[in-house]
Amino acid sequence: MRTSPTAGKDYPTSLAQFRSWFPTDADCSDYLDWLRWPDGFLCPSCFSIGDWADLAGIHRCSGCGRRFSATSGTIFHRTRTPLTIWFEAAWLMTVSKQGISALSLQRTTGLGSYQSAWTMLQKFRTVMSNSHHELLSGNVEMDETYLGGKGKPEVTGRGAAGKLVVAGAIERSGRSFGRARLQILPDAKSPSLERFIHQQIQPGSTLVTDGWRGYLKATKNAGVQHEIHNVSVSGLPAHVSLPGVHRLFSLVRRVLDGTYQGSVQSEQLQGYLDEFIYRFNRRHAQSRELVFFRLLEASVEAGPSSYQDIARVHRRTGTISRVGPTTEYYAPRSLANLSIARPWRSS
């Protein structure tokens, strides 16, 4: 991973520049090749250095003789969708703070199939889900909320139909907020909360929560200091006692209800939460366009997956079900245009 990519050289800085850099599938393929092998081709099979001249965009390993393209073994593996559309999807997902829905992507790019748009975004979300590595540390606010489903008029709160328990945590330093995490839990009981703390929060941190008794047992063996802000004792509303995590919940609800019109299925919710956290934790990047660069950089390192793989998810009950669109596939048209020089190859 490049530690300090240069704007305007390693990644585009505007939509106009993006369109001029990647007008053809060949340009997109070359960019992925450069991201995957910045120091020259390294065989993914035998790890030999060097290749023989072969077809355009294809490397033939000088050691084992196998052929590889920039997309082989990545999330773009054997895709029938033009790379120009993949790049457009990555740009729209990352540069916009609110993301983009599959239906909007289909309309924007002219894809003939909603299934294609949905699958592309889900593959990018898988990459985003695997990009949360470092644990939260310092002073960390934590709380839980309920997302998804449609509550019946006579039933509210935990009894609302289809609601999922979502734990949230966010770093806090004075009035500033740092990185965050959102994760679906089976319930709000101590074992589930303790598991979330172990997975997401660095031992030695100070965990700030409300007076929910589940946190008392959850923090005993979690290796964190526990600071309680009891709402009923202080008389302050929850969003005042724990402003960071409640702002986090407010923002993610705005995205789910706005961008996706509240239509996210429960089985897919974690992927959408991971997408939101991916952008949120990179909100202080020197530019929004750098997030696009990082997503593509991670995408060439991720393994391939098919529609069947990502359309089968584990429900909370542990059973397997097929979800997602099943419309007929139509081969999409490329967004190819006239090509220009490739600035990422200038050095």
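Everything quoted here is computed from the prediction, not taken from an experiment. Atom set for the values below is all heavy atoms of this structure, side chains included, hydrogens, waters and symmetry mates excluded.
Heavy-atom contacts from other residues, nucleotides or ligands closer than 6.0 Å to CZ of R253 number more than 12. When the shell of 6.0 Å around CZ of R247 is examined, it contains 12 or fewer heavy atoms from other residues, nucleotides or ligands. In this structure, I58 places its CD1 atom where more than 12 heavy-atom neighbours from other residues, nucleotides or ligands lie under 6.0 Å away. No more than 12 heavy atoms of other residues, nucleotides or ligands shown are found within 6.0 angstrom of CD on Q225.
Rounded to the nearest 0.5 angstrom, I100 CD1 and E275 CD are separated by 10.0 Å. Going from atom CH2 of W34 over to atom CG of L296 covers 10.5 Å, rounded to the nearest 0.5 Å. In this structure, the separation between NZ on K189 and CD on E194 is 15.0 Å, given to the nearest 0.5 Å.
Under a 3.5 Å cut-off, the side chain of S116 and the backbone N or O of G112 do not form any donor-acceptor pair. A side-chain donor-acceptor contact under 3.5 Å links S205 to the backbone of Q202. S173 contributes no side-chain N or O that, together with a main-chain N or O of S176, makes up a donor-acceptor pair within less than 3.5 Å. Of the possible donor and acceptor atoms, none in the side chain of H229 sits under 3.5 Å from a partner among the backbone N and O of T209. The closest donor-acceptor contact from the side chain of R283 to the backbone of A285 lies at 3.5 Å or more, if one exists at all. Checking side-chain atoms of H284 against main-chain N and O of N281 turns up no donor-acceptor pair under 3.5 Å. Looking only at distances, a side-chain donor or acceptor of S101 sits under 3.5 Å from a matching main-chain atom of S104.
Each of Q270, R195, Q199 was scored for a side-chain hydrogen bond (donor to acceptor under 3.5 Å, both in side chains) with Q183, with one residue passing: Q199. A ring pair (Phe, Tyr, Trp, His ring centres under 6.0 Å) with W86 holds for exactly one of F124, F22, F292; it is F124. For the side chain to side chain contact (heavy atoms under 4.5 Å, CB included) with L136, the lone residue among E141, M142, E171 that qualifies is E171.
Within the 4.5 Å cutoff, side-chain heavy atoms of T108 are placed close to those of L92. Side-chain contact between F249 and D143 is present, with heavy atoms from C-beta onward closer than 4.5 Å. Proximity of F68 to S45: side-chain heavy atoms (C-beta onward) are separated by under 4.5 Å at one or more points. T71 is not listed as a side-chain neighbour of H77, based on a closest heavy-atom distance of 4.5 Å or more. Contact check for L295 versus S299: side-chain heavy atoms found under the 4.5 Å cut-off. Side-chain contact check for R19 versus P12: every heavy-atom pair is 4.5 Å or farther apart. Looking at heavy atoms from C-beta onward, D257 lies out of side-chain contact with Q261 at the 4.5 angstrom threshold. Taking 4.5 Å as the limit, some side-chain heavy atom of R342 sits within range of a side-chain heavy atom of D27.
In this structure, R282 is positioned above the aromatic face of Y278, its NZ or CZ under 6.0 Å from the six-membered ring centre and within 45° of the axis.
Here the shortest heavy-atom pairing between I170 and G244 reads CG2-C, 3.6 Å. Summarising the geometry of V165 relative to E144, their closest heavy-atom pair is CG1-CB, 4.3 Å, with the distance given to 0.1 Å.
In summary, the aromatic rings of F18 and F87 are positioned with their centroids too far apart to meet the 6.0 Å limit.
Classification of the W21-W344 ring pair by plane angle, with boundaries at 30° and 60°, yields tilted. Using bins of under 30°, 30° to 60° and over 60° for the plane-to-plane angle, the ring pair F41/H59 lands in the parallel bin. Using cut-offs of 30° and 60° on the angle between ring planes, the pair F293 and Y11 is tilted.
Residues satisfying the side-chain hydrogen bond (donor to acceptor under 3.5 Å, both in side chains) test with R67, not counting sequence neighbours, are D54. Residues passing the side chain to side chain contact (heavy atoms under 4.5 Å, CB included) test with A222 are I197, H198, V224, sequence neighbours excluded. Y260 pairs by the ring pair (Phe, Tyr, Trp, His ring centres under 6.0 Å) definition with Y272, not counting sequence neighbours.
Comment: R345 engages D30 in a salt bridge, judged by a side-chain N to carboxylate O separation of less than 4.0 angstrom. Salt-bridge check for R294 with E289: failed, with every basic side-chain N at 4.0 Å or more from each acidic carboxylate O.
D187 and S192 are linked by a side-chain donor-acceptor pair at a separation below 3.5 angstrom, with hydrogens and angles left out of the test.
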